[in-house]
Protein chains: 2
Amino acid sequence: MRASDRAYALLRSDIVEWRLAPGDVLAEVEQSARLGVSRTPLREALARLVADGLAAPHAGRGVVVSAISLEAVTDVFEVRLPLECAAVRLAASRGDRGVFTALAAEFALAGRLIEDDDGAQDAYYALVARLDQCIDAAAGNRYLLQAQKPIRTHLARVRRLARDNPERLLASAREHEQIALALASGNADLAEASMRVHLHHSLQHLLTPAGGKDDPPDTS
Amino acid sequence: MRASDRAYALLRSDIVEWRLAPGDVLAEVEQSARLGVSRTPLREALARLVADGLAAPHAGRGVVVSAISLEAVTDVFEVRLPLECAAVRLAASRGDRGVFTALAAEFALAGRLIEDDDGAQDAYYALVARLDQCIDAAAGNRYLLQAQKPIRTHLARVRRLARDNPERLLASAREHEQIALALASGNADLAEASMRVHLHHSLQHLLTPAGGKDDPPDTS
DNA sequence: GCCCGTTCCAATGTATGCACAGAAGGGCTC
DNA sequence: GAGCCCTTCTGTGCATACATTGGAACGGGC
């Protein structure tokens, strides 16, 4: 792997996983020393971060990690909603239905994934990621993918703000099952409606202040 | 201005305006010599072009200008439609209505801009760009803007495939006037509907093979 | 005591040199 | 004569050295 790719991946995960907080300055010499690469590939990595919107050039003072807030979450969803709806509509009309039938069955069984302890939730997240990938593949539109990629990045960053909530995850699994079923039936209207339902609950949960002990948003 | 910015702007316009054709290889040494910058800023410019989707890394052979075709136009519009609709919905609910009332009046007068000879059409395109900027400002969503930017770039590239057609431009002006009027009234549903009408005609015209002498798409 | 100017420093922006990888062409062998 | 391998060469990837710009701190003047 190229050094610039490594630097980009490391910095990106550092930002997404909140090891680098908004406002932190990414000085070239400091980061190049920390990551063990030279300034040239590091500059390339910083440029990609800026293009992603994860960092912003600070006039004359390098780049700083960009801020993300609750208003920003609302803004992100204002873009995510039409994009995801467009994606599922395309996937419903173009996709291979068998794939989504199988995925729906997996989501129906997802309860045990979620209720199992520790690492099992990762399996659920992986399942969600697989559904996303299948939708992307079925939509078959590189421009749509290009538009969604930064949105998903910002979303992943917000997701790390809170821990997991089994209740919400279970509801999320049911919503995803509905989406998969709609795609399996090739019904674009139903798929879009199911996606709207899911995104509504997802955003609502994100905007709900973490009430009790750990009341965690799920944005998948 | 920085050398990397100059290189990016030059290469970008070269690609958008078809001085560089799809498949052309962008060799670092060659382009750095042509543009009068060193290899380092040129590499940065190439990376930005790749991020924009205007070029793609070709394994072991540098980056090549990416292809754009009629299927690609359809794909671009599949993303453009939901994004522009979302933008006008937000603009209708948030924007300052006076701005759009004034713009609607300008579009109503746009006939003379279009029918005037030569450079006058540029004034019309500038007017369209101003409407876009006002919609962007009214929507006030940086993530939406981030998603739209590459789409608009690809669109600008396609637009250069054909010359102007006064008939289509006049119809386009009327469609834009409707959008502006809907925004001025703060009616999100009407604004979206007007946008859908405009995009439908825009795409139809793009997909129509240039029939007579110069039957030129307008994608604004 | 405060404000403005100057100077120094640090960090970015740029250029160039070096090393490695992939491709193309030629030569050798079957 | 054709196919395969080796050599060479071009071009990218990386590192480092140099220039330039912006900022901060210190000193002088009001």
Side-chain angles (χ1 to χ4, degrees), chain A residues 1-16 19-67 142 146 149-150 153, chain B residues 1-16 19-67 142 146 149-150 153:
Chain A
M1 185 188 284
R2 299 184 305 182
S4 66
D5 290 337
R6 274 189 298 129
Y8 171 72
L10 288 170
L11 283 173
R12 189 178 182 280
S13 67
D14 281 346
I15 295 175
V16 168
R19 287 188 291 272
L20 287 171
D24 284 359
V25 292
L26 301 176
E28 292 183 3
V29 284
E30 173 192 350
Q31 295 300 321
S32 63
R34 184 174 74 92
L35 302 179
V37 299
S38 185
R39 278 185 57 217
T40 303
L42 187 106
R43 279 178 65 83
E44 207 162 319
L46 290 181
R48 292 171 68 180
L49 291 175
V50 170
D52 288 344
L54 289 177
H58 199 273
R61 214 59 182 176
V63 303
V64 301
V65 179
S66 60
R142 49 176 285 232
Q146 184 184 14
K149 188 195 159 206
T153 300
Chain B
M1 184 188 285
R2 298 185 305 182
S4 64
D5 290 336
R6 275 188 296 129
Y8 171 72
L10 289 171
L11 283 173
R12 190 177 181 281
S13 68
D14 281 346
I15 295 175
V16 167
R19 287 187 292 272
L20 287 171
D24 284 0
V25 291
L26 301 176
E28 292 184 1
V29 285
E30 172 192 351
Q31 295 300 320
S32 64
R34 185 173 73 93
L35 302 179
V37 300
S38 184
R39 281 184 52 218
T40 303
L42 187 105
R43 280 178 65 84
E44 208 163 317
L46 289 181
R48 291 171 69 180
L49 291 175
V50 170
D52 288 344
L54 289 178
H58 198 272
R61 212 62 182 172
V63 303
V64 301
V65 178
S66 60
R142 50 176 284 234
Q146 183 185 11
K149 188 195 159 206
T153 299

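Note: CD (Glu28(B)) to P (dG11(D)) measures 10 Å, nearest angstrom. Between Met1(A) atom CE and dG13(D) atom P there is a gap of 14 Å when expressed in whole angstrom units. Separating the CG atom of Leu46(A) from the P atom of dG13(C) is a distance of 10 Å, rounded to the nearest angstrom. Straight-line distance from the CZ atom of Arg43(A) to the P atom of dT12(C): 8 Å, rounded to whole Å. Atom pair Gln31(A):CD and dA15(D):C1' shows a separation of 18 Å (rounding to whole Å applied). Summarising the geometry, the separation between CG on Leu42(A) and P on dG13(C) is reported as 12 Å, rounded to the nearest angstrom. Atom CD in Glu30(A) sits roughly 9 Å away from atom P in dT12(C) (whole-Å rounding). Separating the CG atom of Leu35(A) from the C1' atom of dC14(D) is a distance of 15 Å, rounded to the nearest angstrom.
By the side-chain hydrogen bond (donor to acceptor under 3.5 Å, both in side chains) test, Thr153(B) pairs with Arg12(B), sequence neighbours left out. Here Arg2(B) pairs with Asp5(B) under the salt bridge (charged side-chain N to carboxylate O under 4.0 Å, His left out) rule; sequence neighbours left out. Here Ser38(B) pairs with nothing under the side-chain hydrogen bond (donor to acceptor under 3.5 Å, both in side chains) rule; sequence neighbours left out. By the side-chain hydrogen bond (donor to acceptor under 3.5 Å, both in side chains) test, Asp14(A) is found to be paired with Arg19(A), Arg34(A), residues two or more places apart in sequence or in another chain being considered. For Arg39(A), the salt bridge (charged side-chain N to carboxylate O under 4.0 Å, His left out) partners are Glu28(A), not counting sequence neighbours.
Dashed line: the shortest gap from a side-chain N or O of Arg2(B) to OP1 or OP2 of dT14(C) is not under 4.0 Å.
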Can you check nucleotides 15-17 of chain C for protein contacts, nitrogen or oxygen pairs under 3.5 Å, and list what you find?
unit_1	atom_1	unit_2	atom_2	d
dA15(C)	OP2	Ser38(B)	N	2.8
dA15(C)	N7	Thr40(B)	OG1	3.0
dT16(C)	O4	Thr40(B)	OG1	3.1

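Residues Lys149(B) and Asp52(B) form a side-chain contact, since some pair of their non-hydrogen atoms from C-beta on lies under 4.5 Å apart.
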